[in-house]
2 protein chains.
Amino acid sequence: MLVAQRKDFLLARLDRDRRVVAKDVAAELGVSEDSVRRDLRELAAAGLCQRVYGGALPASPAVADYGTRRAVEVDSKQRVAAAAAALIRPGSTVILDGGTTALAVTRALPAGLEATIVTHSPTVVAALAGHPSVEVYVLGGRLFRHSMVACGAAAVEAAQVVHADVFLLGVTGVHPDAGLTTGDADEAAMKRALAQRAADTYVLASTEKIGAASRFAVLPLSAVAGVITDASSQDETVRRLSADGVPVLPA
Amino acid sequence: MLVAQRKDFLLARLDRDRRVVAKDVAAELGVSEDSVRRDLRELAAAGLCQRVYGGALPASPAVADYGTRRAVEVDSKQRVAAAAAALIRPGSTVILDGGTTALAVTRALPAGLEATIVTHSPTVVAALAGHPSVEVYVLGGRLFRHSMVACGAAAVEAAQVVHADVFLLGVTGVHPDAGLTTGDADEAAMKRALAQRAADTYVLASTEKIGAASRFAVLPLSAVAGVITDASSQDETVRRLSADGVPVLPA
DNA sequence: AAAGAAGAACGAGGAGAAACGTGCATGCTG
DNA sequence: CAGCATGCACGTTTCTCCTCGTTCTTCTTT
């Protein structure tokens, strides 16, 4: 069996079962678990699946999924979120993206922080209800259920009135060549518009994002003030980012 | 069963049942209660749920708030919400106000309803996540934490682009003389702006609202197409409303 | 209504098993 | 022979379950 063939098989299985268990597939295909793991690792690096302990899950949540919530790489996201929250100075204005990692940032905010947070994610808004000292500004527009954020022309327009100090950007992929990528074209446009409205853009990049690439480009890496990640500084991708002059902020 | 998958399962259960009992899930999945507790602990740490003795509840404080407030007149609100939901025709565009009764309307929507819902309440948006067939449009603006809705000049302006068939209006008081009232001036202005953008405005009036009056006027009763209430038609206030020519729709 | 006892749930810590990534040797292909 | 995919061995990390002592809830007793 050829490598590419085996990877196709894995992706087909992910589509069908919404999960893959390395051990089972190895037995089924008559190859070692090592090979399966290697394949899954490479597929994950390409953004085609999410690697988890024991196997892999589809890259994008299932159709009828629970909004933006996904229970993968939970503590990695937490570390990144904590580092991002530490960037927020009292009194500053911050644009907060949608997505699980951004949601984790709301959790990591110090109690009593006085700041203004602008977001296009109703989920983030709901999470900020617990921070009475934070002023919240919602960007409206058509709701993209896939990721539970407001997108589209109206949302982009609404964003034009904002002047923020920092934009905390969530993406699906951070790749030395492909730059910052995400799975939806409209979302990418929205993120781009938000990046223009902030002095500095920082990328929230939990480990599974590092080295991955999705279908739609958001921004080149040169456009951001830093990539916040808890991936090891020894990581191949992280080294390439640093070599290319992209500031990497360890979480 | 993969770890990440199990966590996803827990989140799905939280969405479906609004709670999770550690012991039950452990039995259902065939793992130890320890493992379930550990998962819940981690999810809670990531802000994806709220840990309580015996299990977990959904994360959003807004929802938790809803949980505490809904104890008031829960049946009444549900009946009113059901009657309001029945007013929504497939294919129509509806503006849905904020507040607990409006939230109850989202729960009363028939599954698979194809309609467009416009709202300025992130909480309502979050609740609509479970209705994939409904198109959602969010009105942005400054967030009023008191009632968790977007208000202010920007929100009023954003509302100007909407043309809806029905506006389901929530108020704190429905009084024969004082008309429709609410507790906040900006909220009142927002509600007024929304009423102008819909062909018909219906008032969501659970029993405790009938005969009550708050500090700020929203609209005169003559401006609405109907008051939806489950208060008895023998009720003094209801009789006066009817006598004044206000259509009262029994829930 | 307050106090106390019984039971359930809890977090911490440890042992064992499973999965992991890496380095290296093997074998196939061009 | 060069290049690459593969499988094995190894040390490491992660997960699960179990035990133990603590905390919380509830029921009973006063």
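Keep in mind that this is a model prediction, so the values were computed, not measured. Proteins come first, then strands; the chains are lettered A, B, ... in the order of their sequence lines, and each starts at number 1.
Close to dG21(C), at under 4.0 Å from its OP1 or OP2, lies a side-chain N or O of Arg41(A). Residue Arg51(A) places at least one side-chain N or O closer than 4.0 Å to OP1 or OP2 of dG21(C). Arg37(A) has no side-chain polar atom (N or O) that falls below the 4.0 Å cut-off from OP1 or OP2 of dA19(C). In terms of phosphate contacts, Ser35(A) brings a side-chain nitrogen or oxygen within less than 4.0 Å of OP1 or OP2 of dG7(D). Under 4.0 angstrom from either OP1 or OP2 of dC17(D) there lies no side-chain N or O belonging to Arg38(B).
You'll find the side chain of Val31(B) reaches within 4.5 Å of the side chain of Val36(B), heavy atoms only.
No donor-acceptor contact under 3.5 Å links the side chain of Tyr53(B) to the base of dT25(D).
A straight line from CG of Leu29(A) to C1' of dG7(D) spans 15 Å, rounded to a whole angstrom. Between the CD atom of Glu42(B) and the C1' atom of dT14(D) there is a distance of 11 Å, given to the nearest Å. To the nearest angstrom, C1' of dT6(D) lies 13 Å from NZ of Lys7(A). We find that CG of Asp39(A) is positioned 10 Å from P of dA5(D), with the value rounded to whole Å. Taking atom NZ of Lys23(B) as the reference point, atom P of dT25(D) lies 17 Å away to the nearest angstrom. Distance CG (Asp34(A)) to P (dA19(C)): 12 Å, rounded to an integer number of Å. Between Glu33(B) atom CD and dA8(C) atom P there is a gap of 11 Å when expressed in whole angstrom units.
In this structure, the side chain of His131(B) engages the main chain of Thr106(B) through a donor-acceptor pair within 3.5 Å.
Between the side chains of Gln234(B) and Ser232(B), no donor-acceptor pair is found at a separation under 3.5 Å.
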Verdict with reasoning, Ser76(A) to Thr207(A), per side-chain hydrogen bond (donor to acceptor under 3.5 Å, both in side chains): CA-CA 6 Å; Ser76(A) 170; Thr207(A) 26; 3.0 Å; yes
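By the 4.0 Å N-to-carboxylate-O rule, Glu28(B) lies close enough to Arg13(B) to be salt-bridged with it.
Residue contacts shown for Val52(A) are limited to sugar-phosphate atoms, with no base heavy atom under 4.0 Å away.
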